There are 2 protein chains.
Amino acid sequence: MKSAIPETGVPITQPAAGNGSDRQEASLHGEVLLRLRDYVVEGNIPEGARVPERQLCEMLGISRTPLREALKVLAAEGLIELLPNRGARVRQLSQRDLEELFDVMAGLESLAGRLACELITDEEIAAIERLHYEMYGHYLHRDMHGYFQINQQIHESIVAAARNETLKTTYANFAGRIRRVRYSANFARKRQRWGEAMREHEAILDALRRRAASELSDILFQHLRNKRSAAIDHLAEGQDTGLETTPQGD
Amino acid sequence: MKSAIPETGVPITQPAAGNGSDRQEASLHGEVLLRLRDYVVEGNIPEGARVPERQLCEMLGISRTPLREALKVLAAEGLIELLPNRGARVRQLSQRDLEELFDVMAGLESLAGRLACELITDEEIAAIERLHYEMYGHYLHRDMHGYFQINQQIHESIVAAARNETLKTTYANFAGRIRRVRYSANFARKRQRWGEAMREHEAILDALRRRAASELSDILFQHLRNKRSAAIDHLAEGQDTGLETTPQGD
DNA sequence: AATACAAATAATGAATGCAAAATAGCTTCT
DNA sequence: AGAAGCTATTTTGCATTCATTATTTGTATT
């Protein structure tokens, strides 16, 4: 058998030349790290599958040294795991792993809400309100995809309003780990749960307007907890196929 | 000038032989990573100072390849930073960085408390109570060091009671980043603040006994927030000397 | 004497090379 | 035919080497 990795190979020719998002890294290993991380997060390699060094080197047009450095970092981030003398594999998340990840995400968002209450401006709240109503529109039209997009933006806005770069980075890290599952989980959302989620979002907005830190913290945690349940349930159902059926549109 | 790094060099002769704590890593790079992390966390290299590859290679008795892999990981963890073509430096934390780190730690402990309320056993609570009274004894005897030790144990017990390995790992990561400062901050604790901290701990224990998740979450966050203030104030005072005077007993 | 310039030296970043381990393939034996 | 054992190939882990960039040292000039 060849390998399950699609050949999206675009060699790194111009290190850190204006390639879309302005991620800083000028060094080769930095470039490799960013590209590999995306590559894995986007689900280009099946869960549990080997991450073949040689093939990736060819794909990226580099030697093994910077690639291996990047792999070590990805392993530290929890995206892959390194088996001694047996190479790297895409980390397979057990149900328990997912529960833990969702809970930590819930804790981080809960913290973000708490901190946001301290310094958030009326303008920022207004912007979130606009997003909220936009999302409500998608809800009414039963447009799951649009809803999901705005939903993400709202949560990211709250994290941004916390004015804590460390928190933001950590949040992004965990978000990457569960991205595929999360997407899948949102599609699994039952109609009833969807309505609940909308109500929770209204409560979030309300608490935010009143800068009620503790209260917002509680609501956000519960909100994420409920998402967790939906996601876990969904996965438990489709356990056999695992994540391979996860939509990867974007 | 030679270098500011003390020669604690003990070459890695027996990879993962029973060297105290049972840290798994069998590979060389893993060994190096663990040792280097401790080396940096324990403050053997002054803040902002270069991390000389060659010297560390000699000290550890390895080549540059595994060392550089470890450096990449430490950079990802936030302990050091890599300047392009200019090597690694021990990350110097600005006051803002510290504020952010303390807040994230506060959020994580707050989360830990919330989760702990769900499944903590009476035995675990009893164990924390014992620690609490032991700590109270240190408080009465004005034994700052003993107090600090037990204090750490209590917070770690709460994190452990959350039954979330991901959280535990993340918590440990952040704890490592601010370890030196934290130690210093505890010594800076004024008598009045010390009394407050004891009362807060009593409230923590009370909420834990009642499994009052939201309440415990709030108390823990506030508790850590107050620690943050003490630490930041302390650092602001001794800004000139920086952290070099930090006691490093253990 | 101080500054600017230039060569020498050392450090970094990445590629290559080599030994050990794992996997695959083949043969042999029951 | 199937299992067990042995060899060949591949892959991994680390050391070494090479090119490039920074830093230091020395020299000349104002």
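Proteins get letters first, then strands, A, B, ... in listed order; numbering begins at 1 in each. Given the structure is predicted, the values throughout are model-derived calculations rather than measurements.
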**Asked** Between A:N226 and A:S229, is any side-chain donor less than 3.5 angstrom from a side-chain acceptor?
**Response** no
In whole angstroms, the gap separating P of C:dG13 from CG of A:L67 amounts to 17 Å
Side chain to side chain donor-acceptor pair (under 3.5 Å) filter on A:E124, not counting sequence neighbours, yields A:T121, A:R163
Item to complete: For the pair A:R225 and B:E118, evaluate salt bridge (Lys or Arg N to Asp or Glu O under 4.0 Å) and give the outcome as yes or no after the intermediate values.
Response: CA-CA 13 Å; A:R225 251 297 166 87; B:E118 295 178 0; 2.7 Å; yes
Rounded to the nearest 0.5 Å, the CG atom of B:L79 sits from the CG atom of B:L74 at a distance of 6.0 Å
Residues pairing under salt bridge (Lys or Arg N to Asp or Glu O under 4.0 Å) where one sits in residues 62-72 of chain A, two or more places apart or in two chains, turn out to be A:E53-A:R64, A:E53-A:R68, A:R68-B:E69, A:E69-B:R68, A:E69-B:K72, A:K72-B:E69
Readout for nucleotides 12-24 of chain D: B = base within 4.0 Å of protein heavy atom, S = sugar-phosphate only, - = neither; 5' to 3' it is BBSBB----SSS-
